[in-house]
Enquirer: 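Pasting in a structure now, in structure tokens, and then I'll have a few things to ask.
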Amino acid sequence: MAASKKAKSARKTSSGKGQKAGGSMTNNLTSDAYRTHTCGALRSADVGEQVHVSGWVHRVRDHGGLLFIDLRDHYGLTQCVIEPENPEFSKAEVARSEWVLKISGKVVDRSSDNLNPDLPTGEVEVRIENIEVLSEASELPLPVFNEPDYPEETRLTYRFLDLRRETLHANIVKRATIIASIRRRMTDAGFFEFQTPILTASSPEGARDFLVPSRMHPGKFYALPQAPQQFKQLVMIAGFDRYFQIAPCFRDEDARADRSPGEFYQLDIEMSFVSQEDVFNAVEPVMRDLFEEFADGKPVTQNFPQITYAESLQKYGSDKPDLRNPIEMEDVTEHFRGSGFKIFAGQIKKDDKVRVWAIPAKTGGSRAFCDRMNSWAQGEGQPGLGYIFFREISLPDEAFSDLKHPLKELSIKQQIPSSQESGETFVPQSASTYIGGAGPVAKNIGEDRTEALRKQLNLGIGDAVFFVCGVPKKFADFAGQARTKVGEDLDLVDRDRFDFCWIVDYPMFEWDEDAKKVDFSHNPFSMPQGGLEALETKDPLDVLAYQYDIVCNGVELSSGAIRNHKPEIMRKAFGIAGYDESVLEEKFGGMLRALQYGAPPHGGIAPGVDRIVMLLCGEPNIREVTMFPMNQQAEDLLMGAPSEVSAQQLRELHIRLNLPKS
RNA sequence: GGGGGUGUAGCUCAGUUGGUUAGAGCGCUGGCCUGUCACGCCAGAGGCCGCGGGUUCGAGUCCCGUCACUCCCGCCA
């Protein structure tokens, strides 16, 4: 796989970077008991010096008459060399991978044909005079040298070895550097980092809580915070004005590739006396500059566009659009109304909520691709995916004798490079051809409608368009998946960019089909747009909230809101969602009380730290940016968590087990 | 809770239509080698083919079950 290639190049870059990151460690060590230099420090300027280096045996190359040891530490790699005449040779000879050695000797120049340009220390080597074995290593279950893919289970069980490996080591260092940068940026912007409790109260909303039994209060439990949501609002009400925290959050839900089971970190932010725009103005530069700092030169959106939730759904079929994908869907319902494509026309006639959305697919204009999309759609449980693809078609003979022949007129019209209006370049048609739609849909709706569609979507020869039809709420998600698939399969997505946007104007409430009632669509503490009046006068499902997300490359990075700081609006909002005032009092009593003693208007946001690091490390899996992750079953294979506890511990907690039969 | 993928040497993998003694690379052990940096060469050890059952003269291969890991759906205000 590409993993080993990647590993090799990572070795070069991160050795260099490691030295920068650990610059203070290179020469001013307080003691030279173990080392005078790190393994990444030596350069030709050090030639002639008597040095100690300590580290792990990365690799041994035994030539019989000459033996090389690559000694590795956090900072880099240094080649050490010894000859058999040396009395220390017998010690060098037995050293194996990952033993820990202290090597003393003189720094020497490598002759010009022996340089290793791939190594920052590649101009010199240490001529071994003394070896001290600090620690031996058993045969490795997981090699540190080279980085083939290893089974997750082995990697997690021997995480300490895995963490020595180049890519993961570099990712974790990058994570630390990113977090340090976040702290600096937030502090510089006038925010204070406050700690909030880890043992707190269970909250009825949201995810499943992790519970911690109380010894002092039999039968009662603490909960680990799903987020410091209420605390940060209380911090605002307490007058601290600007808060942030790299906050651990705990949710007892199943894992995904981008979601650790159990715990994750948020850059939790809250500000007083702010509007939504104020929050944007504070957070956007932090995110943009942070990404620019760590993006390795990839372009980052300078001004995050604001896209409404409704528009995002319509154009991208998702509230977390990947804007690197240039495809924007369009409503083309009118082209199908009363058309010969009965499947769509019939639905449109029956229900005025029915829409047809088009997914334009530039360069997708082949029957093979369209058929592939169609069978993909069927695999997704859809009846199929209607399509038209455009190709150059010769005019029929009769068109040449009849100037007014519709196809001839079409051909002439198409030769006006309408594409130039949009800056696109089409291959111009010759006088004897026209751009015609192919496929069952085109056949059924006819030349005129097909041409109108082509014009609206600005498509040309070699392009295609796919159609989804139905009630948007039901098909939007599928349409979004189709958009993503078209973009990726046709390679229309520019992967070397960070494309940000704000998604704004989320609905305050949504219809809960299971419970057959109106419920909060996001955060129950959000301020409804229009305040109390909107709640009293509008259909709840039409009320928008001051609720927003940051999305980057199709990843939901964070969500936030201007909070509801008025108790009467809160009571009303919870009432609409069907919560009795007593429930509100019981579950959010502290919050409600706080709002009654002078709460400032406030709001905030909480970007996901793990996902930021994933994006910046280019890793699709959160375990690649987490030092000690749990596996998918939420087990820590290294430490053995979760584990059974003693009967004594259970007794103290007043807990008796009632285990499932298996 | 549901669906998909994977499971063969310490590790990564190959293993044809069911057919003799299950192979390779890395690692490990031993030997040779003075300029390598994925060192090279020679030899060797190392296998409950995840586990259980079935079909068959014969199963790594087919069938059923089960377990583990992983990806996805549900879930994640």
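Throughout, protein chains are lettered first and strands after them, A, B, ... in sequence-line order, and every chain is numbered starting at 1. Remember, predicted model here, so these are calculated numbers, not experimental data.
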Enquirer: Taking side-chain hydrogen bond (donor to acceptor under 3.5 Å, both in side chains) as the definition, give me every residue that meets it alongside Lys91(A), ordered by chain and number, with sequence neighbours left out.
Expert: Glu88(A)
Enquirer: List the residues meeting side-chain hydrogen bond (donor to acceptor under 3.5 Å, both in side chains) with Asp62(A), not counting sequence neighbours, and say none if there are none.
Expert: none
Enquirer: Does OH in Tyr158(A) sit with more than 12 non-hydrogen atoms of other residues, nucleotides or ligands closer than 6.0 Å?
Expert: no
Enquirer: Quick one: does Arg259(A) reach the base of C76(B) with a side-chain donor-acceptor pair under 3.5 Å?
Expert: yes
Enquirer: My understanding is that only residues two or more places apart in sequence, or in another chain, count here; which of them pass side-chain hydrogen bond (donor to acceptor under 3.5 Å, both in side chains) with Gln632(A)?
Expert: none
Enquirer: Quick one: which residue pairs count as a salt bridge (Lys or Arg N to Asp or Glu O under 4.0 Å) with a foot in residues 572-585 of chain A, not counting sequence neighbours?
Expert: Arg571(A)-Glu581(A)
Enquirer: Report, as a single string ordered 5' to 3', how protein heavy atoms within less than 4.0 Å touch nucleotides 30-35 of chain B: B base, S sugar-phosphate only, - not at all.
Expert: ---BSB
Enquirer: Does anything in residues 603-611 of chain A reach RNA chain B, meaning a heavy atom under 4.0 Å, and if so which residues?
Expert: none
Enquirer: Looking at residues at least two apart in the chain, or sitting in another chain, which of them share a salt bridge (Lys or Arg N to Asp or Glu O under 4.0 Å) with Asp319(A)?
Expert: none
Enquirer: Check each of Arg623(A), Arg611(A), Lys320(A) against Asp258(A) using the salt bridge (charged side-chain N to carboxylate O under 4.0 Å, His left out) test, and report the only one that passes.
Expert: Arg611(A)
Enquirer: Does the protein touch nucleotides 66-73 of chain B at the base, only the backbone, or not at all? Give it as B, S and - per nucleotide, heavy atoms under 4.0 Å.
Expert: --SSBBSB
Enquirer: So Phe525(A), base contact, sugar-phosphate only, or nothing? Heavy-atom distance under 4.0 Å.
Expert: nothing
Enquirer: May I ask you to say what Ile69(A) touches in the nucleic acid, namely base, sugar-phosphate or nothing, with a heavy-atom cut-off under 4.0 Å?
Expert: nothing
Enquirer: Taking only residues two or more places apart in sequence, or in another chain, which ones meet Arg96(A) in a salt bridge (Lys or Arg N to Asp or Glu O under 4.0 Å)?
Expert: none
Enquirer: Any side-chain N or O of Arg59(A) under 4.0 Å from OP1/OP2 of C39(B)?
Expert: yes
Enquirer: When the distance from CG of Leu42(A) to P of C37(B) is rounded to whole Å, what number comes out?
Expert: 21 Å
Enquirer: Could I get a table of every N or O pair under 3.5 Å where one atom is in the protein and the other is in nucleotides 4-6 of chain B?
Expert:
none

Enquirer: Report the residues that fulfil salt bridge (Lys or Arg N to Asp or Glu O under 4.0 Å) with Arg165(A), sequence neighbours left out, ordered by chain and then residue number.
Expert: Asp162(A)
Enquirer: Which residues pass the side-chain hydrogen bond (donor to acceptor under 3.5 Å, both in side chains) test with Trp99(A), not counting sequence neighbours?
Expert: none
